[in-house]
Amino acid sequence: QVQLVESGGGSVQAGGSLRLSCAASGRTASHYALVWFRQAPGMEREFVAGINWSGESTWYTDSVKGRFSVTRDVTKNTVYLQMNSLRSVDTATYYCAAALRGIVTDEYDYWGQGTQVTVSS
């Protein structure tokens, strides 16, 4: 079992920044890729960014490239999503997920509860 706890959400004006954190715990947590999804009201859940178990490989959806950065502290089993130049379209609930199969897969094994990000224009 892997437990995921997100933090760092909040409200910010357009152009501002936020940093989300996701702490992964459990005996095998270090083996998992950790990724971020988001879901806006009335929209499907969308992959945002992810990082592999070692922190050496990352993946981003096109709409956040150059603005968001995903990093991992392997000593703390924590993944961070630094979000800069935020836009109103980034408003969503952000979820952390863990996947043993890698960053981009059709199955994510564990999910966090989510943290709300609201960007006002």
Side-chain angles (χ1 to χ4, degrees):
Q1 284 277 15
V2 174
Q3 293 79 41
L4 303 172
V5 179
E6 303 103 330
S7 61
S11 297
V12 65
Q13 289 192 330
S17 298
L18 281 174
R19 190 178 80 153
L20 305 183
S21 300
C22 172
S25 60
R27 188 173 58 86
T28 61
S30 63
H31 299 171
Y32 287 74
L34 296 177
V35 304
W36 291 96
F37 281 81
R38 65 186 179 188
Q39 188 167 22
M43 305 291 285
E44 292 189 357
R45 189 162 51 192
E46 171 190 32
F47 177 92
V48 177
I51 191 164
N52 74 333
W53 67 273
S54 67
E56 296 176 345
S57 180
T58 58
W59 194 269
Y60 299 90
T61 193
D62 286 345
S63 63
V64 307
K65 286 180 180 177
R67 300 190 298 124
F68 291 11
S69 175
V70 60
T71 57
R72 182 169 188 160
D73 186 335
V74 295
T75 64
K76 298 179 180 179
N77 268 339
T78 298
V79 63
Y80 303 98
L81 184 66
Q82 179 66 44
M83 305 185 295
N84 299 328
S85 301
L86 282 162
R87 307 166 180 168
S88 56
V89 294
D90 296 317
T91 295
T93 301
Y94 284 69
Y95 297 91
C96 180
L100 197 56
R101 293 165 183 78
I103 300 171
V104 180
T105 176
D106 57 359
E107 185 174 350
Y108 292 88
D109 303 285
Y110 301 98
W111 292 85
Q113 294 298 309
T115 185
Q116 178 66 36
V117 171
T118 303
V119 184
S120 57
S121 56

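Side-chain contact annotation: Thr93 with Gln116, donor-acceptor N/O pair under 3.5 Å present. There is no side-chain donor-acceptor pair under 3.5 Å between Ser120 and Gln13. A donor-acceptor contact under 3.5 angstrom links the side chains of Asn84 and Ser17, judged on distance only. Checking Arg38 against Tyr94 by side-chain atom types alone, a donor-acceptor pair falls below 3.5 Å.
In this structure, OG1 on Thr118 lies 10.5 Å from CG on Leu86, to the nearest 0.5 angstrom. Between the OG atom of Ser21 and the CG atom of Leu81 there is a distance of 9.5 Å, given to the nearest 0.5 Å. Considering CD of Gln1 and CG of Asp109, their distance stands at 10.5 Å, rounded to 0.5 Å. Note that the CD atom of Gln3 and the OG atom of Ser25 stand 4.0 Å from one another [nearest 0.5 Å]. Of the inter-residue distances, the one linking Arg19 atom CZ with Met83 atom CE reads 11.0 Å to the nearest 0.5 angstrom. How far CG of Leu34 is from CD1 of Ile51: 8.5 Å, rounded to the nearest 0.5 Å.
A distance-only check finds no donor-acceptor pair linking the side chain of Ser30 to the backbone of Thr28 [under 3.5 Å]. No donor-acceptor pair under 3.5 Å is formed between the side chain of Asp73 and the backbone N or O of Asn77. At distances below 3.5 Å, not a single donor-acceptor pair connects side-chain atoms of Thr105 with backbone N or O atoms of Gly102. Side-chain atoms of Arg72 come within 3.5 Å of backbone atoms of Asn52 as a donor-acceptor pair (strictly under, hydrogens ignored). Here the side chain of Glu6 pairs no donor or acceptor atom with the backbone of Thr115 at under 3.5 angstrom.
Linking ILVMFWY residues whenever their side-chain heavy atoms come closer than 4.5 Å, directly or via other members, leaves Leu100 and Trp53 in distinct clusters. Clustering ILVMFWY residues whenever any of their side-chain heavy atoms sit less than 4.5 angstrom apart, transitively, puts Val12 in a cluster other than the one holding Tyr80.
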**Report entry** side chain to side chain contact (heavy atoms under 4.5 Å, CB included) between Thr91 and Val117, worked out
**Finding:** CA-CA 5 Å; Thr91 295; Val117 171; 5.9 Å; no
Query raised in the report: How far apart are the C-alpha atoms of Asp106 and Arg101, what are their side-chain angles, what is the distance that settles it, and do they pass the salt bridge (charged side-chain N to carboxylate O under 4.0 Å, His left out) test?
Result: CA-CA 9 Å; Asp106 57 359; Arg101 293 165 183 78; 5.5 Å; no
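Chaining together hydrophobic side chains whose heavy atoms lie under 4.5 Å apart places Val35 alongside Phe37, Phe47, Trp59, Tyr95, Ile103, Val104, Tyr108, Trp111.
Taking all atoms of both residues into account, the shortest heavy-atom contact from Val79 to Thr71 is CG2-O, 3.2 Å. Considering all non-hydrogen atoms of both residues, Ala24 and Val2 come closest at CB-CG1, 4.4 Å. Taking each heavy atom of Glu46 and Ser63 in turn, the nearest pair found is OE2-OG, 4.1 Å. In terms of heavy atoms, Ala40 sits closest to Ala92 at N-CB, 3.8 Å. Lys65 and Asp62 make their closest contact through NZ-OD1, 3.0 Å (heavy atoms, listed as atom of the first residue, atom of the second, distance). Across every non-hydrogen atom of Ser121 and Ala14, the tightest pair is CA-CB, 4.2 Å.
Here the side chains of Tyr60 and Val48 are not in contact, with every heavy-atom distance at 4.5 Å or above.
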